[in-house]
2 protein chains.
Amino acid sequence: MDTPYLLVDIAAAVAQYRRIAAAFPDAPVYYAVKANPEPTLLIELVKAGCHFDVASRAEVDMGLEAGAPPATLSFGNTIKKAEDIAYAYGKGVRTFAFDSLGELEKLAEHAPGATVICRVLASSKGARWPLSRKFGCAPEMAVDLIRWAAAHGLDPAGVCFHVGSQQLDPGRWEPSIAEAAAIFARLAADGIALRLVNCGGGFPVDYQTEVAPIEKYAAAIDAAVSAHFATRPALMIEPGRYIAAPAGVLHTEVVLVSRKSYADEPRWVYLDVGRFGGLAETEDEAIQYRLTTPHDGAVTAPVVLAGPTCDSVDILYQNVNYELPLALRPGDIVQIHGTGAYTATYASVGFNGFPPLRTVCLPMVGGDADR
Amino acid sequence: MDTPYLLVDIAAAVAQYRRIAAAFPDAPVYYAVKANPEPTLLIELVKAGCHFDVASRAEVDMGLEAGAPPATLSFGNTIKKAEDIAYAYGKGVRTFAFDSLGELEKLAEHAPGATVICRVLASSKGARWPLSRKFGCAPEMAVDLIRWAAAHGLDPAGVCFHVGSQQLDPGRWEPSIAEAAAIFARLAADGIALRLVNCGGGFPVDYQTEVAPIEKYAAAIDAAVSAHFATRPALMIEPGRYIAAPAGVLHTEVVLVSRKSYADEPRWVYLDVGRFGGLAETEDEAIQYRLTTPHDGAVTAPVVLAGPTCDSVDILYQNVNYELPLALRPGDIVQIHGTGAYTATYASVGFNGFPPLRTVCLPMVGGDADR
């Protein structure tokens, strides 16, 4: 089969869903469709009982086409066009996130009576793919916005936050849970009874190194909720990477192995996939994937890994130390593991003339994933 | 018209081609197709006499489909699959770049007798989008590779280099021209007569600030060639940005204007296009586009500018100081100027469900660009 392509094992993703759902028995799981919106995957997740976190009008459609009831969709992007809010509402979506007055004004007009969840700024220290200040507002502003929502015909259910993707520290959820409890208490004094804490995503997966099991994150969140809330709120979570990443293996071909000079420098290994072909999360070498080759076990030496385009920022790993077998040759297949999330849809539409990354699904055995 | 879209003025791009061709009367111009491969643009450039620098098999096809004779295509990517070399050769392409023995071996086998040009490492100090060490080899290695090419049935014509894209310093070409002259001299002693210096691209355009006119870059290159070569070599240049960038205006809509807290922070302005929708060159805020809005002339204040996806790295400008009118509201159209190059093809195929950036061409007046 022509490389590059992403092989997605649907059963493996569904197994990840079941594992995180079991670890959080009281929290419905909203899969972040953006991680990997492959239709076969969405269909199987719906059958398994999964809900969806959607980021755009197109993702609303993807969820519905996969068979998800509209009530199980949460429009989690805090940056929505008025017409996209109206579109989702027209399709029956009733849960929306916001973090500003501008967004609430649109929701009050185009999604009257909808359940709205206020995103609060959170620290993403400890995350491999941190979340900056782009989403969320300060707690004192959240309190005012929730008051505004309640006064304008919306149903403010609670707060959400996100601690950053591939968050390695199980303790990182607690400060935001404590903040949520404080917001609940301040609004209870106004007679506004909040009921929901959306703990977002960020749950990590094994790339080159093993991370703590998901049960450890669930226990830390459970303990934090018990510690900070007298009355336990409803919870929800929005994993994307955790469900999809381990299910994907990107198959790529070595195009060239070269040296830049006669000095004792690392070899350069050029693959037929790079940062603009689906490996966008190698920006700043943030996500460090595990690689296997046909020569595993043979003698290795340091390499710089790069993609096939004429763009010089299309380098995967240059500062972190990757080693690959000295026997590696053009035409060899390299497998990049853990690439089921945040890869195929990131690929450029045709930069340098290279086509986007293809996805090939390994359907569920005994299922009807190939219908 | 629904935003976002990129409006490309074909006549403006052709005018840029004519201007750079006039500035370099002795150097054929190979337009770097990757900058913007819009078919209408390529057709008009062929009619105007432009040659093409292509980066992939698909770009070979694009050039030929636009009517370019295969002899006017240069396959400038130094990272090519063997089958793509064979494909291009089969279509009549006879000029290829290389920077390693691995690539030469493929060329000797799959493009026998072809004209080959050795890419040499160059400093890209002074460039807004620098070129790292991904392409090129050290001069002493170049000498050996050119000897190898001559001994294996290839036609080594000379050397190429690239000083980095949006290179602001006209003096930056000279060190590489001097190095080329030294390589010519060393190989002349072996009886290998090189004849061509490919000065690459990098010629800058006006974004927020005006750059020196192209004639100044041409004069600096001309003077450097005269200074370092006793016998003047043939030259070629590969502009991409210079031709396409000024011809494009990206039309985007404001989705949201918000604040994160009650502190005196900049407003956040979210557009319906971002880093994954075509503005990839805002990575590290490298390319700083000029913006216009319907409220220009009104009072402005600092902003952080961001795109519409749920990805927190989808921020355009946060550290450089952008100011936009306080009157700016959701639904307002913002025009992003100088976006004709390195935008539409960089767009993701569907990250977060957002479709790739559309291109709309303003055809040549009196021409047949719309055929």
Side-chain angles (χ1 to χ4, degrees), chain A residues 33-34 37 54-59 62 76-77 79-82 99-103 106 121 130-138 140-141 253 255-262 268 270 272 276 280 283 306 308-310 312-315 330 345-356, chain B residues 33-34 37 54-59 62 76-77 79-82 99-103 106 121 130-138 140-141 253 255-262 268 270 272 276 280 283 306 308-310 312-315 330 345-356:
Chain A
V33 169
K34 60 183 165 291
V54 295
S56 63
R57 176 199 286 229
E59 287 192 359
M62 292 172 197
N77 192 342
I79 310 154
K80 299 176 287 296
K81 290 187 181 182
D99 66 2
S100 67
L101 183 59
E103 196 71 7
K106 291 185 239 170
L121 282 166
L131 279 171
S132 75
R133 288 171 66 81
K134 182 175 175 187
F135 308 102
C137 61
E140 68 277 12
M141 183 178 272
E253 185 181 305
V255 182
L256 180 66
V257 180
S258 72
R259 288 184 186 275
K260 297 283 146 192
S261 75
Y262 295 121
W268 282 66
Y270 300 91
D272 67 2
F276 302 109
E283 179 175 342
T309 69
C310 285
S312 62
V313 308
D314 184 12
I315 294 177
T345 57
Y346 259 126
S348 79
V349 70
F351 187 55
N352 275 221
F354 292 105
Chain B
V33 170
K34 60 183 164 289
V54 295
S56 63
R57 176 199 286 228
E59 287 192 359
M62 291 172 198
N77 192 342
I79 310 155
K80 299 176 287 296
K81 290 188 182 182
D99 65 3
S100 67
L101 182 60
E103 196 72 8
K106 291 185 239 170
L121 282 166
L131 278 171
S132 76
R133 287 171 67 82
K134 183 175 175 186
F135 308 103
C137 61
E140 67 277 13
M141 184 178 271
E253 186 181 306
V255 182
L256 181 67
V257 180
S258 71
R259 290 185 185 273
K260 297 283 146 192
S261 75
Y262 295 120
W268 282 66
Y270 300 90
D272 67 2
F276 302 108
E283 179 175 343
T309 69
C310 286
S312 62
V313 308
D314 184 13
I315 293 177
T345 58
Y346 259 126
S348 79
V349 70
F351 186 56
N352 274 221
F354 293 105

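All chains are named by letter (A, B, ...) in the order of the sequence lines, taking the proteins before the strands, and each is independently numbered beginning at 1.
Neither the backbone nor the side chain of A/Leu101 comes within contact range of chain B, judged by heavy atoms closer than 4.5 Å. Residue A/Lys106 touches chain B through its side chain alone, counting heavy-atom pairs closer than 4.5 Å. With a 4.5 angstrom heavy-atom cutoff, B/Arg259 touches chain A via backbone and side-chain atoms both. Residue contact with chain A, scored on non-hydrogen atoms closer than 4.5 Å, involves the side chain of B/Pro356 exclusively.
With rounding to the nearest 0.5 Å, the separation of OG in B/Ser348 from CZ in A/Phe351 is 14.0 Å. Annotation: the span from B/Phe354 atom CZ to A/Lys34 atom NZ amounts to 10.0 Å, rounded to 0.5 Å. The structure places OH of A/Tyr270 at 7.0 Å from CZ of B/Phe135, a figure rounded to the nearest 0.5 Å.
For the options B/Ala82, B/Ala347, B/Ala306, heavy-atom pairs under 4.5 Å to chain A are most numerous at B/Ala347. The residue among B/Ser100, B/Gly353, B/Gly76, B/Pro355 with the most heavy atom pairs within less than 4.5 Å of chain A is B/Gly353. Considering only heavy-atom pairs separated by less than 4.5 Å from chain A, the leading option among B/Gly102, B/Ala55, B/Pro37 is B/Ala55. Per-residue heavy-atom pair counts under 4.5 Å with chain A were compared for B/Glu253, B/Arg57, B/Met62, and the maximum is reached by B/Glu253. In terms of heavy-atom pairs under 4.5 Å with chain A, the best-connected choice from B/Gly350, B/Ala58, B/Ser258 is B/Gly350. By number of non-hydrogen pairs under 4.5 angstrom with chain A, the leading residue of B/Thr309, B/Asp272, B/Ile315, B/Val54 is B/Thr309. Considering only heavy-atom pairs separated by less than 4.5 Å from chain B, the leading option among A/Glu140, A/Lys81, A/Lys80 is A/Lys81.
Taking the six-membered ring where the residue is Trp, B/Phe276 and A/Tyr346 present perpendicular rings, their angle passing 60° and hence far from 30°.
Of the possible donor and acceptor atoms, one in the side chain of A/Lys134 sits under 3.5 Å from a partner among the backbone N and O of B/Asp314. No donor-acceptor pair under 3.5 Å is formed between the side chain of A/Asn352 and the backbone N or O of B/Ser56.
Counting only heavy atoms from C-beta outward, the side chains of A/Asp99 and B/Lys260 approach each other to under 4.5 Å.
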